[in-house]
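Shown next, in structure tokens, is the structure this report addresses.
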Amino acid sequence: MSKPEVEYVLFDMDGLMIDSERIYTIATNEVLGKYGKEMTWDMKAGCMGKPEREAGLHTLSFFPDIPIGVDEFLVERNRVQDRLWPTVPLLPGVHKLVHHLKKHNIAMAVATSSRRRNFELKTAHLQDVFSCFDSKIVCGDDQQYKMKGKPAPDIFIITAATFLGRNVGQPDETPDDEQLKERSKGLVFEDSLPGVQAGKRAGMSVIWVPDQNLLNLAIEIPEKPDQVLRSLEDFVPEEWGLPPYED
């Protein structure tokens with residue numbers, strides 16, 4: 001089956017562009033460690049792609065005996081994360097792909113569940129890549145858009161409509177044929193299961209770049225990605241109607 005030709009690209013960020021999942025794990029386990037607990041990968045899988053508070057509640061649901069509420073947990077965990085964000089590196093293939101798309105004037109944006117404050121902390125030292133998006137960034141706490149979190153499709157539809165000027169309609173409206181066609185021209189890169197679901201529910205093609213630990217859990221989801229890659233280094237642009245790499 002041939003792939004649709006892509007006209008615009010939407011990137012998730014955490015775990016897809018930057019190695020933030022490692023820092024989330026370190027920070028979470030530093031807090032849990034005070035109570036003799038540790039987050040495992042099957043627990044972590046349920047957090048990926050979710051808004052911060054929802055992910056915190058999911059984590060604490062496994063430890064009902066810990067005398068700490070979600071607000072205190074997040075404050076303690078975020079204190080550790082804030083210390084580590086300036087060290088978070090790009091993941092393989094990100095620099096090459098983003099600069100390639102930028103060079104060829106392919107419309108692109110970032111659609112991340114991360115809070116705006118955290119986005120700034122995570123990317124301040126990585127502007128060689130993130131400046132390529134020309135501030136076309138939607139964050140999970142951008143309240144002006146009234147978005148539901150992933151796996152709802154809101155963030156991808158709103159990002160495409162607001163920042164890329166695509167006629168994709170609105171999340172709470174039934175799209176017409178022209179809007180469905182416009183949605184099908186979008187390509188979403190995601191690492192999380194809720195993100196894959198959100199991209200497919202938005203009517204876009206989705207490339208899943210999961211952590212190997214997530215693959216090992218063999219979790220089934222209703223919405224299947226259009227392609228699964230080990231890393232963005234394995235992406236072949238011309239398979240999606242995009243200009244090929246020159247080298």
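Values in this document were obtained by computation on a predicted structure and should not be read as measured data.
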Are [X] and [Y] close enough for a salt bridge, meaning some N to O gap below 4.0 Å?
| X | Y | result |
| --- | --- | --- |
| Asp134 | Lys102 | yes |
| Glu233 | Lys96 | no |
| Arg79 | Glu30 | no |
| Lys146 | Asp154 | no |
| Glu182 | Lys185 | yes |

How long is the straight-line distance from [atom2] of [Y] back to [atom1] of [X], given to the nearest 0.5 Å?
| X | Y | atom1 | atom2 | answer |
| --- | --- | --- | --- | --- |
| Tyr24 | Asn29 | OH | CG | 14.5 Å |
| His104 | Tyr245 | NE2 | OH | 10.0 Å |
| Ile157 | Arg201 | CD1 | CZ | 11.5 Å |
| Asp211 | Thr25 | CG | OG1 | 8.5 Å |
| His95 | Asp128 | NE2 | CG | 3.5 Å |
| Phe189 | Gln227 | CZ | CD | 8.0 Å |

Shortest non-hydrogen separation from [X] to [Y] and the atoms involved:
| X | Y | answer |
| --- | --- | --- |
| Gly169 | Ala161 | O-CB, 4.2 Å |
| Val88 | Leu126 | O-CD1, 3.8 Å |
| Ser113 | Ile155 | N-CD1, 4.4 Å |
| Phe11 | Val9 | CE1-CG1, 3.6 Å |
| Pro210 | Val228 | CD-CG1, 4.0 Å |
| Ile106 | Pro243 | CD1-CD, 4.1 Å |

Test item: [X] and [Y] side chains (from C-beta on) under 4.5 Å apart, heavy atoms:
| X | Y | result |
| --- | --- | --- |
| Tyr8 | Met108 | no |
| Leu10 | Met204 | yes |
| Met39 | Leu32 | yes |
| Ile207 | Leu187 | yes |
| Leu16 | Leu232 | yes |
| Val138 | Thr112 | no |
| Glu5 | Trp240 | no |
| Leu91 | Ser231 | no |

Given Lys200 and Asp226, is the salt bridge (Lys or Arg N to Asp or Glu O under 4.0 Å) satisfied, shown in steps? CA-CA 9 Å; Lys200 294 303 295 181; Asp226 297 276; 2.9 Å; yes

Atom [atom1] of [X] with >12 non-hydrogen neighbours under 6.0 angstrom:
| X | atom1 | value |
| --- | --- | --- |
| Lys181 | NZ | no |
| Gln143 | CD | no |
| Glu223 | CD | yes |

Let me see the working for Thr123 and Met13 under side chain to side chain contact (heavy atoms under 4.5 Å, CB included), right down to the final yes or no. CA-CA 10 Å; Thr123 62; Met13 181 181 68; 3.7 Å; yes

Taking the side chain from [X] and the backbone from [Y], do they hold a donor-acceptor pair closer than 3.5 Å?
| X | Y | value |
| --- | --- | --- |
| Ser20 | Gly15 | yes |
| Trp208 | Pro225 | no |
| Asn118 | Ser114 | no |
| Thr87 | Leu84 | yes |

Between Lys150 and Ser192: side-chain donor-acceptor atoms closer than 3.5 Å: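 Not at all, the side chains of Lys150 and Ser192 share no donor-acceptor pair under 3.5 Å.
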
Check the hydrophobic clustering (I, L, V, M, F, W, Y; side-chain heavy atoms under 4.5 Å; chains of links allowed) and say if [X] and [Y] are grouped together.
| X | Y | answer |
| --- | --- | --- |
| Phe119 | Met17 | yes |
| Val188 | Leu97 | no |
| Ile158 | Phe133 | no |
| Trp85 | Val110 | yes |
| Leu57 | Phe62 | yes |

Does the side chain to side chain contact (heavy atoms under 4.5 Å, CB included) test come out yes or no for Met43 and Phe63, once each step is laid out? CA-CA 11 Å; Met43 298 174 192; Phe63 308 105; 3.6 Å; yes

How would you list all residue pairs meeting side chain to side chain donor-acceptor pair (under 3.5 Å) that involve residues 58-70, not counting sequence neighbours?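 The answer is Lys37-Asp65.
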
Please evaluate residues Val168 and Gln179 with respect to the criterion side chain to side chain contact (heavy atoms under 4.5 Å, CB included), reporting the C-alpha separation (whole Å), side-chain torsions for both, the decisive distance (0.1 Å), and the verdict. CA-CA 5 Å; Val168 295; Gln179 290 167 342; 5.6 Å; no

Is there a side chain to side chain contact (heavy atoms under 4.5 Å, CB included) between Gln170 and Tyr145 once you walk through the steps? CA-CA 10 Å; Gln170 293 298 316; Tyr145 304 123; over 6 Å; no

Can you list every pair that meets salt bridge (Lys or Arg N to Asp or Glu O under 4.0 Å) and has a residue in residues 110-124, with sequence neighbours left out?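 Salt bridge (Lys or Arg N to Asp or Glu O under 4.0 Å) check on residues 110-124 returns Asp14-Lys122, Glu52-Arg115, Asp82-Arg117, Arg116-Asp142.
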
For the pair Glu178 and Arg183, evaluate salt bridge (Lys or Arg N to Asp or Glu O under 4.0 Å) and give the outcome as yes or no after the intermediate values. CA-CA 9 Å; Glu178 188 61 36; Arg183 291 184 185 196; over 6 Å; no

